[in-house]
Amino acid sequence: MTAPPIPPREPLASEPTQEGEQTLVPGVQPISAGARIEARMVAPLTPRVPQKPLDIGLFDENARNQLDLF
């Protein structure tokens, strides 16, 4: 028994980019600049630097856990 012959495939399309030659997958559209900007606009804002804890006065969690001396 022999396997049926495999039909020849068409070569995949490609495009030159700054990183080099990129292969385009059939049925998949490249991400446009507008789509990237829209995704950034709907994403929630995140801080660039982590916020420092507010451990003074009324908001000091460790001071609340201390027992009174008298």
Side-chain angles (χ1 to χ4, degrees):
M1 285 193 210
T2 61
I6 299 174
R9 294 186 195 179
E10 295 180 21
L12 296 174
S14 64
E15 66 181 6
T17 62
Q18 293 176 352
E19 289 81 20
E21 192 73 17
Q22 298 284 322
T23 303
L24 302 175
V25 180
V28 177
Q29 296 180 359
I31 300 173
S32 66
R36 288 182 196 270
I37 292 170
E38 185 177 343
R40 291 291 305 264
M41 286 179 16
V42 298
L45 294 176
T46 56
R48 293 184 181 139
V49 177
Q51 188 173 0
K52 295 179 182 178
L54 184 60
D55 289 338
I56 58 171
L58 179 65
F59 304 105
D60 189 2
E61 296 286 334
N62 293 327
R64 292 182 192 177
N65 294 333
Q66 293 180 1
L67 299 174
D68 291 334
L69 184 59
F70 297 100

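Index from 1, following the sequence. Note that the structure is a prediction, hence the values are computed from the model and not measured.
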Asker: Report the hydrophobic cluster partners of Met41, with the cluster defined as I, L, V, M, F, W, Y residues connected by side-chain heavy atoms closer than 4.5 angstrom, directly or transitively.
Answerer: Ile37
Asker: Shortest non-hydrogen contact from Glu15 to Glu21?
Answerer: N-OE2, 3.6 Å
Asker: Indicate the atoms forming the closest heavy-atom contact of Leu24 with Leu12, along with that distance.
Answerer: O-CB, 4.1 Å
Asker: Atom CD of residue position Gln22 - does it have more than 12 heavy atoms of other residues, nucleotides or ligands inside 6.0 Å?
Answerer: yes
Asker: Other than Val28, which residues form its hydrophobic cluster under the rule that side-chain heavy atoms must be closer than 4.5 Å?
Answerer: Val25
Asker: Within a radius of less than 6.0 Å around CD of Gln29, do more than 12 heavy atoms belonging to other residues, nucleotides or ligands occur?
Answerer: no
